[in-house]
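Reading through the structure tokens given below for one structure.
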Amino acid sequence: MDKLQRMIKGKIPGEATGIEVRRSVCTICDPSGICGLDCYVKDGRIIKVEGTLENPNNGGTLCSKGAAQRQWVYHEDRLRTPLKRVGPRGSGEMKPISWTEALDAVAGNLQRLKAESGPESVVFYCGYPKQPRPFLQRLALEFGSPNYCTESSACFTAMAMSWRLDYGQMAGPDIANTKCLLVWSGNPFYASTPNARRLMDARDRGVKFIVIDPRKSPIAGIADLHLRLRPGTDGALALAMANVIISEGLYDRQFVSEWSRGFDGYRALAAEYGLERTEQITGVPAALIREAALLYATSKPAAMMPSSTPVVHHTNGVQNQRAAAALVGLTGNFDIPGGNVPQSFSWLEVSGAGFTTREHEFAMPRAWDDMPPRLGAERFPVWTRMIDQGQAMDLPRQIATGEPYPLRGMVGFGMNHRLWPDSNGLMAAVDKLDFVCVVDLFLTDTAKHADIVLPACSSVERSELRCYPQKYAILTRPVIEPLGEARSDTDIIIGLVQKLGLDDPLLNPAGSGAGGPGRGFLPNGAPDFGEVFDDALDWILQPSDVTITELKKHPAGMPVPKPLPVAFKKYEKKGFPTPSGKMEFASSLLEEQAGCSGFDPLPVYNEPRLSPVSTPDIAGEYPLVLNTGPRLPMFIHSRTFRLPWTRSLRRDAAADLDPATARNLGVAQGDRIEVSTSTGSIQVLANLTELAHPGTVHMFHDYPEADVNSLLQGDYLDPISGFPGYKAALCAVKKVAPAASPTEEVRQ
Ligand SMILES: Nc1nc2c(c(=O)[nH]1)N[C@H]1C(S)=C(S)[C@@H](COP(=O)(O)OP(=O)(O)OC[C@H]3O[C@@H](n4cnc5c(=O)[nH]c(N)nc54)[C@H](O)[C@@H]3O)O[C@H]1N2
Ligand SMILES: Nc1nc2c(c(=O)[nH]1)N[C@H]1C(S)=C(S)[C@@H](COP(=O)(O)OP(=O)(O)OC[C@H]3O[C@@H](n4cnc5c(=O)[nH]c(N)nc54)[C@H](O)[C@@H]3O)O[C@H]1N2
Ligand SMILES: [Mo]
């Protein structure tokens, strides 16, 4: 082999080899793990990927999913053309059609439904992808439908709502300056490797870790204290900790008396959670609860790290999360260096990136009051008051009942029916709609039910703006041509805005309905909306010093110019953005809803709706707690099952059981078991692991062959947020067949 061939084989970039390193981002995890991605491109194809060294989030690293990027981008199942359904819904019988035909069909059906049943009859939905969201919301509202909703109906929002009920705003941990980190759920070693690296740095600095998690997760393994509670009992635990802190006189009297509302009621409520009683409820030894409360209250400053989901994935989730968040104010750790610091929101669900944008104005071209009520408005009034989206968990109900008005059409970007509890029920409901369009990279099991399927492209084939709490921003440009006729989600939305002839000075500047004023056409024949997209971003960025022109000069991203300074104790000047202007141990908003069950103004503890304590009769038949969706390092929701590298790391759908629980059931490693609830059953392999909580079955979600959400009831929801109780239902486990071979094992 000559030298050049060896250099090509070694993928050495340079003129001689014709290999160019182009910068992009990996959005396989979104938004917590948007990692900088260096793509080695030769002859228009990515031949290798690496993490971008300059990117402050990943600093040159990539996780197993990011490393499998090329299998994601070039997967043989990638959609390459728009499709039209020709067989029955769900059959997957589709025929390729042109973009013109596809967009005509979507726009035509939307106009028809609008004329027949009003614009509100069409639902615009976005799954886990974040990039299209402000654009899709703008399209929905301009079309006239209030029914814009997203996967945030089951992720993050309820946690943020809980903090907002207490403080009027969310406040993240100032990890860099803290002495003690109270990790209230969250497993960054599996769920966010960039964060895990920051936590390891904190650990090296001697920061104390307290971890609240039913499982012996990796972070629990390095904690000073690990409180291993029964899933869904967080509220009781938090109140018991408050009780210790208050009765030992360790709370911040000045903050509480000057800046809080409802403390007396809160103190009385906490007093009901003595250590022994709380040990019985949570399973955490009394002495350990006390020790954790003392460590958190006496370490100054101390920060709490909430996760976006596990605490609020419960039928009692918002109140549990409120009780946990209340400890921050109680101990005087709110908005101080090293405590929990609220920071303004920048772009695409990232706060604290050091600049503000006009994202909200962009996404909200109309006011909610000018439109009919949103999805879930009546059932989840607190959500509707606080969140600028519909609550998607109400979809099956409204489709079935037609109340308060019929829903007839749906446009779903990255829509995965397996997200919903009673996933099959949701799919059956969607099948009743008159018209469904799904936009995805793959012909997923959900997309097979659509009338029109549009091919989206991956992050390396599109332009997008992203930012980081490290005061850093990046604007990517496509590093390869889109596969086949795939298009970016935002281009699809701009195309629809123009096809529908919507009056939108930014996305339809020429006001044409004919395909737009782009700069001509892309090599794959699509109209080039690059300028429209860039101009829209520039408009959005107008209040900041970040500009598209400057970003273009820095393909790997750049530090935000003149980042907004981080200020502390902002409430001393402006008060809290709550109705009372104070931190609310007793929530004014919930007070208004008094009478609805679970809507107590104080963060009361109620058992999960299904639990060995609340429903002992059901627990007689289904004695184990079903805790679904614990993250696995190699999978992300439904996305990476089909990639050979990631799938090889855990081939079989499996449920985790602790060895003692398994022994009692007569189950051994690798045995085939049936996990059942009163709603249904699935078969998976048993994975015996000390990580698992005794008496609990932990099962990752979204496996096509074993969909754990088909075991949950569709109305198993938190009454305040509408979030599903993914993390505590009841189930039974039965051995179906012994392990196929002694070597058959699943690992984590
Ligand atoms: N690899 C990978 N990474 C991901 C994802 C993925 O699917 N795969 N998903 C992304 C998304 S969308 C999200 S929202 C985040 C979630 O990120 P994390 O919350 O960090 O991850 P989880 O594994 O869902 O939950 C964290 C821990 O919460 C514990 N837990 C479960 N139930 C309870 C409970 O009732 N109380 C308490 N205190 N703890 C409980 C679990 O045992 C687990 O160890 O991860 C993101 N990152
Ligand atoms: N049982 C249980 N269920 C859960 C959870 C749990 O813990 N337990 N977690 C919940 C949480 S926190 C979350 S965030 C949700 C995850 O929510 P989902 O939206 O179900 O997440 P994904 O399966 O990652 O993505 C949905 C679809 O988006 C497609 N997609 C990927 N990238 C793009 C893109 O750029 N454009 C377009 N148009 N499509 C794209 C994917 O191919 C996929 O089909 O699941 C929820 N469901
Ligand atoms: Mo999530």
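What you see below is based on every heavy atom in this structure, not just the backbone, and it leaves out hydrogens, waters and symmetry mates. We're numbering straight along the sequence, starting at 1. Note that ligands are numbered from 1 as they come in the structure, with each ligand's atoms numbered from 1 the same way.
- In summary, the atoms of ligand 2 found under 4.0 Å from a heavy atom of Thr309, numbered by their order in the structure, are 12 (S).
- Side chain to side chain, Asn709 and Trp420 fail the donor-acceptor criterion of an N or O pair below 3.5 Å.
- Within the 4.5 Å cutoff, the side chain of Asn147 has no heavy atoms near those of the Phe124 side chain.
- Distances between N or O atoms of Gly232 and those of ligand 1 include at least one value under 3.5 Å.
- Remark: among candidates Thr27, Leu454, Thr628, Leu626, the nearest residue to atom 8 (N) of ligand 2 is Thr628, based on non-hydrogen atoms.
- Close N/O approach between Ser307 and ligand 1 is found [any backbone or side-chain N/O within under 3.5 Å].
- Comparing heavy-atom distances from atom 36 (N) of ligand 1 across Val312, Asp234, Val211, Ile219 singles out Asp234 as nearest.
- Considering backbone and side-chain N/O of Asn187, one or more are found under 3.5 Å from N/O of ligand 1.
- Both the backbone and the side chain of Ser638 come within contact range of ligand 2, each with a heavy atom under 4.0 Å.
- Between His313 and Phe723, the two ring planes are tilted [angle within 30° to 60°].
- Between Glu481 and Arg80 there is no salt bridge, since no side-chain nitrogen of the basic residue lies less than 4.0 Å from a carboxylate oxygen of the acidic one.
- Below 3.5 Å of separation, one finds no N or O of Ser217 facing any N or O of ligand 1.
- Salt bridge absent: Arg228 and Asp213 never bring a charged side-chain N and a carboxylate O closer than 4.0 Å.
- Looking at Arg462 against ligand 2, only its side chain comes within 4.0 Å, counting heavy atoms.
- At least one heavy atom of His314 sits under 4.0 Å from some atom of ligand 1.
- Put simply, part of Arg631 is less than 4.0 Å from ligand 2, judged by heavy atoms.
- Considering only residues two or more places apart in sequence or on other chains, Asp658 meets the side-chain hydrogen bond (donor to acceptor under 3.5 Å, both in side chains) condition with Thr661.
- A donor-acceptor distance shorter than 3.5 angstrom exists from the side chain of Gln391 to the backbone of Ser721, with no hydrogens or angles considered.
- Comparing heavy-atom distances from atom 15 (C) of ligand 2 across Thr444, Leu419, Thr150 singles out Leu419 as nearest.
- Every heavy atom of Phe156 sits 4.0 Å or more from the atoms of ligand 1.
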Inset, instruction - Tell me, with the steps shown, if Phe641 and Phe635 meet ring-ring contact (aromatic ring centres under 6.0 Å, His included). - result: CA-CA 7 Å; Phe641 293 131; Phe635 297 138; 4.8 Å; yes
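- Using a cutoff of 4.0 Å between basic side-chain nitrogens and carboxylate oxygens, Arg215 and Glu690 are not scored as salt-bridged.
- Distances between N or O atoms of Phe442 and those of ligand 2 include no value under 3.5 Å.
- In Arg418, neither the side chain nor the backbone holds a heavy atom less than 4.0 Å from any atom of ligand 2.
- Any N or O atom pair closer than 3.5 Å counts here, and His701 shares no such pair with ligand 1.
- Heavy-atom contacts of Ala456 reach the following atoms of ligand 2: 36 (N), 37 (C), 38 (N) (cutoff under 4.0 Å).
- Evaluated by nearest non-hydrogen atom to atom 1 (N) of ligand 1, the leading choice among Leu632, Ile636, Leu691, Thr282 is Leu632.
- A salt bridge links Arg418 to Asp707: one of the charged nitrogens lies within less than 4.0 Å of a carboxylate oxygen.
- Remark: Arg639 is not positioned above the aromatic ring of Tyr128, lacking an NZ or CZ atom under 6.0 angstrom from the ring centre and at most 45 degrees off the axis.
- Considering backbone and side-chain atoms alike, Pro214 places every N or O at 3.5 Å or more from each N or O of ligand 1.
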Inset, instruction - Begin with the C-alpha distance, continue with both residues' side-chain angles, and end with the deciding distance and a verdict on ring-ring contact (aromatic ring centres under 6.0 Å, His included) for His698 and His693. - result: CA-CA 8 Å; His698 306 270; His693 180 260; 7.1 Å; no
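- Judged purely by atom type and a 3.5 angstrom limit, Ser153 has no side-chain atom pairing as donor or acceptor with the backbone of Met393.
- Distances shorter than 4.0 angstrom do not occur between any heavy atom of His693 and any atom of ligand 1.
- Counting only heavy atoms from C-beta outward, the side chains of Leu295 and Ile210 approach each other to under 4.5 Å.
- Under the ring pair (Phe, Tyr, Trp, His ring centres under 6.0 Å) criterion, His226 pairs with no residue, sequence neighbours left out.
- Nearest to atom 44 (O) of ligand 1 by heavy atom, out of Asn627, Asp213, Val625, is Asp213.
- At a heavy-atom cutoff of 4.0 Å, ligand 2 is contacted by the side chain of Tyr726 but not by its backbone.
- Of all atoms in ligand 2, listed by their number and element, those nearer than 4.0 Å to a heavy atom of Lys727 are 6 (C), 7 (O).
- Residue Phe700 has no nitrogen or oxygen atom sitting less than 3.5 Å from a nitrogen or oxygen atom of ligand 1, judged on distance alone.
- Taking each of Ala191, Pro306, Cys29 in turn, the one with a heavy atom nearest to atom 3 (N) of ligand 1 proves to be Ala191.
- Under the 3.5 Å distance criterion, with hydrogens and angles disregarded, no donor-acceptor pair is assigned to the side chains of Thr81 and Glu485.
- Arg203 and Asp224 are joined by a salt bridge, as a carboxylate oxygen and a charged side-chain nitrogen come within less than 4.0 angstrom of each other.
- For ligand 1, the polar-atom distance check against Leu229 finds no nitrogen or oxygen pair separated by under 3.5 Å.
- Atoms of ligand 2 found under 4.0 Å from any heavy atom of Gly127 (numbered from 1 in listed order, with element): 19 (O).
- Note on Arg466 versus Glu464: salt bridge recorded, some NZ/NE/NH1/NH2 to OD/OE distance being below 4.0 Å.
- Of the heavy atoms in Asn709, only side-chain atoms (C-beta onward) come closer than 4.0 Å to ligand 2.
- Between His637 and ligand 1, an N or O atom pair is found at a separation short of 3.5 Å.
- For ligand 1 and Pro630, the ligand atoms under 4.0 Å from any heavy atom of the residue are 23 (O).
- Checked by atom type, the side-chain pair Glu607/Tyr605 shows a donor-acceptor distance below 3.5 Å.
- For ligand 2, the atoms closer than 4.0 angstrom to any heavy atom of Asn416 are 20 (O), 23 (O), 26 (C).
- Backbone and side-chain nitrogen or oxygen atoms of Cys155 are examined, and none is located within less than 3.5 angstrom of a nitrogen or oxygen of ligand 1.
- Residue contacts with ligand 2 leave out Gln131, since none of its heavy atoms falls under 4.0 Å from the ligand.
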